[in-house]
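Every chain is numbered from 1 and lettered A, B, ... according to where its sequence line falls, protein lines coming before strand lines. We use all heavy atoms of the structure for the numbers below, so side chains are in, but hydrogens, waters and symmetry mates are not.
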Number of protein chains: 2
Amino acid sequence: MAEERSTRDRVLDAFERLLVGAGSRAATLDAVAAEAGVSKGGLLYHFHSREALVDGMVERLREQAARDVELMRSAEQGPVGFYLETSVDTGSDFDRALIAASRIAQEHDHGARTALADIRDAWFGVLNEHLGDEALARTIQLIGDGLYFDDTTGLGSPDALGHVRKVLGRLGH
Amino acid sequence: MAEERSTRDRVLDAFERLLVGAGSRAATLDAVAAEAGVSKGGLLYHFHSREALVDGMVERLREQAARDVELMRSAEQGPVGFYLETSVDTGSDFDRALIAASRIAQEHDHGARTALADIRDAWFGVLNEHLGDEALARTIQLIGDGLYFDDTTGLGSPDALGHVRKVLGRLGH
DNA sequence: GTCTATACGCGGATAGAC
DNA sequence: GTCTATCCGCGTATAGAC
């Protein structure tokens, strides 16, 4: 039977939702506690400081990423399709964690930065291995980043993914 | 003779540097004043609130953007080359303003979001007009966003732009 | 494990001197 | 136009009851 989501996880979920939805400035301990439906004291039992909250989030992100890379490797539609489709925000837990971490990384947090760098390296490894074409692999990764960024910033055109497919089609993909 | 940079502008410069270098959380009025070499009171004479600071920055960004679009339109290397080259952080004032605004936009600021959306529309207009190919124009814009995002997050591979050129070359550009 | 109460410094903002 | 002094609320963190 599926375990109940622990308070710890619910707090991290709340933290991520606030980071994604309103930015780091708004993701205060007060706000996180309220969003998670727990008192500030309750939150601070699980995470002794804001920094610990960030660390906990990054740690969980790494676990999620390891699973994602496995899915990408063995995806039915191939790694490229899987990567691009999951670069537009699908609303998955992993997407949310990734965007949340990028918010923190922008503040110079070392843990978040290296985690994101490692995850990107893993993705690139799969793309490059599959395509056998570094330039194309890098370009596709950039397109994925662009899709992400646009989604994340609330910009982004309606059928971005469709346009990309069209162009990749001309390249024989 | 070139005018001295006004205090107002120096404050906005400082605000942008902090936003880009350390994030919105770190860009406090105290920090901005110190970075600009002015007292908090001095800063608040020019901008009555943090919100006013953001508005001033966005307003200046729009002026810079109008100039950039003109440069893009008439660039020697063509709009695509100009766009991609200026998508990696060149360290220009405009780049800094753009990245700074994207930080603020992530916090749901309406002014920053619409300004960025308008600027992106203008860029797309030039690309699409020049290429006469919407799918390609959108894809190139995504690549530019990706370059931006990577630079911005401190990720990004060394010769990203070179790889992109290679792939675009295969498409006949 | 979760809560309430409390301490305390920081960030945003005002008043008024120079 | 720029400064210092000051106010107040918020964000982080601790102590200790339940």
Calculate, to the nearest 0.5 Å, the distance between atoms CG and CD belonging to B:Asp9 and B:Glu4 respectively. 12.0 Å
Output the distance between atom CD1 (B:Ile140) and atom NE2 (B:His173), rounded to the nearest 0.5 Å. 6.5 Å
In terms of hydrophobic clusters joined by side-chain contacts under 4.5 Å, are A:Phe149 and A:Ile104 together? no
Just how large is the angle between the end axes of the helix from C:dG1-D:dC18 to C:dC18-D:dG1, five pairs per end, to 10 degrees? 10°
How about B:Tyr148 and B:Asp95: does a side-chain donor come under 3.5 Å of a side-chain acceptor? yes
Using the rule given for salt bridge (Lys or Arg N to Asp or Glu O under 4.0 Å), can you reason through A:Asp109 versus B:Arg25, listing the C-alpha separation, both sets of side-chain angles and the distance that settles it, and then say yes or no? CA-CA 12 Å; A:Asp109 182 272; B:Arg25 241 176 117 78; over 6 Å; no
Sequence neighbours left out, what passes side-chain contact (heavy atoms from CB on, under 4.5 Å) with B:Ala75? Give chain and number order. B:Gln77, B:Phe82
Going by salt bridge (charged side-chain N to carboxylate O under 4.0 Å, His left out), A:Glu16 matches just one of A:Arg103, A:Arg96, A:Arg10. Which one? A:Arg96
For nucleotides 2-16 of chain D, just jot down a letter per nucleotide in 5' to 3' order: B, S or -, based on protein non-hydrogen atoms under 4.0 Å. BBB------SBBB--
